[in-house]
Amino acid sequence: YVEKLRKISGKNFNIKYIDGPTGVKSRYCDISKAKKLIGWEPIISLDNATSITYNWILGQLNKICDTLPIVLFISQKIGHSETETSFCGIGIRGKLTSNILKKSKKYNIVQCFLDNNVELELEIKKYNPKIIIYNYHETTTSWMNDNYLRDKYNTIKHIMIQYDIYQKKIDDYNPLNYYGFEFMITDDDTLVGNNNVFITSRSIPWIDLIPSNPPKIITIGFQGFGFPHKGIHKIAMKVQDEFDEAIIRLHIPYSHYGDPNGTLAHARVEEVRKIITKPGIKIEASHDFLSDEEIIKWLNKNTINCYFYDY
């Protein structure tokens, strides 16, 4: 039946088979009695009935969306595909955030995966949005620094999402110094916002976790790319200073933009190995790319996960 839906909808969605609730294990529908007593028999095939139902639901959703203000959520193409082989943390976080926003009942969130202003202007003309949210990074989405479209479409609210920032950057925020972005959103609730900068909690995918048993040995984890400012060496220094027996677990995948060959990822692991001298402290390192669910489960196996960024 799912294959019928794929054909009728014209959408090439992925199918994930999961264990469902156990109900009646078998059904055998016999309409012979209805046909004999009242002369009833179906006149619409399953395919036609499914098509009618699908199109009715789609029409109702379109009616709702047509009445809601449109918000474009702009992110780069790298990192949004389920089959993507190149990875960017900004793109992955953007996809996660926009998937959460799409559940809004107040706005019609339209996800757009773009890499230049030409593509963006086509989407603006197509949707006529009230708001555009840019999943921004000064390096990975540097094309967003061009404020030509923000000047041209100045009746639209242009908002940037920026990650890994610090308080002084918020205190000094001025749209004139940030490529015409009137507002900023950042997902660090330890910071204090203002009239132009809004603070939210970090987006985390909902995973139905089975509580894990605490590790018998203190286990300190870090998951993320291997850039020097992540302060991974500080974790090693703290563990070396405070424990005689512990496990440091490092999961550092390669970044598409910043570390495509894994040079930085491996350098961070070697830094930690050089710091740790106690025989009772073990180091576990991995570099493969994990799904959101796999990351949450990986983090859940540690006693604590630490991030000592250099700001």
Side-chain angles (χ1 to χ4, degrees), residues 58-81 88-189 191-203 257:
L58 184 63
Q60 299 305 306
L61 291 174
N62 287 338
K63 287 179 182 179
I64 294 171
C65 291
D66 286 344
T67 64
L68 298 177
I70 294 177
V71 178
L72 297 187
F73 189 99
I74 311 301
S75 191
Q76 75 270 45
K77 293 177 182 177
I78 290 292
H80 83 273
S81 171
C88 169
I90 301 301
I92 293 167
R93 289 172 74 175
K95 179 185 176 183
L96 173 61
T97 301
S98 61
N99 284 341
I100 292 172
L101 292 177
K102 278 183 70 67
K103 298 178 182 179
S104 170
K105 296 180 180 179
K106 294 184 178 180
Y107 299 95
N108 179 12
I109 307 296
V110 178
Q111 295 169 305
C112 299
F113 298 100
L114 313 171
D115 282 330
N116 57 66
N117 274 325
V118 174
E119 294 176 335
L120 174 55
E121 186 162 24
L122 290 175
E123 299 301 314
I124 292 174
K125 291 178 178 179
K126 178 179 178 181
Y127 290 104
N128 189 28
K130 299 292 184 183
I131 300 169
I132 302 177
I133 299 175
Y134 300 76
N135 188 51
Y136 176 85
H137 189 275
E138 59 188 5
T139 301
T140 61
T141 61
S142 58
W143 64 271
M144 294 182 184
N145 293 341
D146 184 350
N147 62 354
Y148 164 73
L149 291 181
R150 289 186 284 282
D151 289 339
K152 183 175 180 179
Y153 297 96
N154 55 24
T155 60
I156 299 173
K157 295 293 184 182
H158 298 275
I159 304 171
M160 69 189 303
I161 295 181
Q162 191 164 15
Y163 308 100
D164 301 338
I165 68 171
Y166 43 91
Q167 190 61 51
K168 188 176 188 307
K169 198 168 185 178
I170 293 176
D171 295 339
D172 295 341
Y173 186 83
N174 184 326
L176 296 177
N177 298 331
Y178 281 90
Y179 313 108
F181 289 106
E182 186 174 357
F183 301 105
M184 178 201 286
I185 299 172
T186 189
D187 61 352
D188 183 348
D189 54 13
L191 302 173
V192 179
N194 53 43
N195 291 334
N196 293 97
V197 181
F198 300 94
I199 310 298
T200 184
S201 299
R202 179 157 182 168
S203 303
Y257 289 102

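Phe198 contributes atom CZ, which lies 11.5 Å from atom CD1 of Ile170 (distance to the nearest 0.5 angstrom). Atom-to-atom distance recorded for Ile161:CD1 and Ile74:CD1 is 11.0 Å, nearest 0.5 angstrom. Note that CD of Gln162 and OH of Tyr178 are 6.5 Å apart. Values are rounded to the nearest 0.5 Å. Put simply, OH on Tyr134 and OG on Ser75 are 13.0 Å apart, with the number rounded to the nearest 0.5 Å. Of the inter-residue distances, the one linking Ile132 atom CD1 with Phe73 atom CZ reads 12.5 Å to the nearest 0.5 angstrom. How far SG of Cys112 is from CD of Gln76: 13.5 Å, rounded to the nearest 0.5 Å.
Closest heavy-atom contact between Ile165 and Thr186: CG1-OG1, 3.7 Å. Of all the heavy atoms in Ile199 and Asp189, the pair that sits closest is CG2-CA, 3.5 Å. Shown here for Pro129 and Ile156, the closest heavy-atom pair between the two residues is O-CG1, 3.5 Å. When every heavy atom of His158 is checked against every heavy atom of Tyr153, the shortest pair comes out as NE2-O, 2.9 Å. The minimum heavy-atom distance between Gln111 and Ser98, with the atom names listed, is NE2-OG, 2.8 Å. Counting all heavy atoms, side chain and backbone alike, Phe183 lies closest to Asn195 at CE2-O, 3.6 Å.
Of the possible donor and acceptor atoms, one in the side chain of Gln167 sits under 3.5 Å from a partner among the backbone N and O of Val192. Remark: side-chain polar atoms of Thr97 are paired, donor with acceptor, to backbone N or O of Arg93 under 3.5 angstrom. Remark: side-chain polar atoms of Asn194 are paired, donor with acceptor, to backbone N or O of Val197 under 3.5 angstrom. Put simply, the side chain of Asn135 gets close to the backbone of Ile90: a donor and an acceptor are under 3.5 Å apart. Side chain of Thr141 to main chain of Met144: no donor-acceptor pair is present (N/O by atom type, distance under 3.5 Å, no hydrogens or angles).
A donor-acceptor contact closer than 3.5 angstrom links the side chains of Asn145 and Tyr136. Checking Asp187 against Thr200 by side-chain atom types alone, no donor-acceptor pair falls below 3.5 Å.
In Lys169, the NZ atom is crowded: over 12 heavy atoms of neighbouring residues, nucleotides or ligands sit closer than 6.0 Å.
Scored by the side-chain hydrogen bond (donor to acceptor under 3.5 Å, both in side chains) test, Thr155 finds no partners at all (sequence neighbours excluded). For Glu119, the side-chain contact (heavy atoms from CB on, under 4.5 Å) partners are Lys77, Leu114, Asp115, Asn116, not counting sequence neighbours.
Under the salt bridge (Lys or Arg N to Asp or Glu O under 4.0 Å) criterion, the residue pairs touching residues 140-154 are Glu121-Lys152, with sequence neighbours excluded.
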Derivation of the side chain to side chain contact (heavy atoms under 4.5 Å, CB included) call for Ile70 and Tyr107: CA-CA 6 Å; Ile70 294 177; Tyr107 299 95; over 6 Å; no
Residues Asp188, Tyr166; criterion side chain to side chain contact (heavy atoms under 4.5 Å, CB included); working and verdict: CA-CA 9 Å; Asp188 183 348; Tyr166 43 91; over 6 Å; no
Residues Lys157, Glu182; criterion side chain to side chain contact (heavy atoms under 4.5 Å, CB included); working and verdict: CA-CA 7 Å; Lys157 295 293 184 182; Glu182 186 174 357; 3.5 Å; yes
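Looking at heavy atoms from C-beta onward, Phe181 lies out of side-chain contact with Pro175 at the 4.5 angstrom threshold. Residues Ile133 and Leu72 have side chains not in contact (no heavy-atom distance under 4.5 Å, counting atoms from C-beta outward). Side-chain atoms of Asn108 and Val71, non-hydrogen and from C-beta on, never get closer than 4.5 Å to each other.
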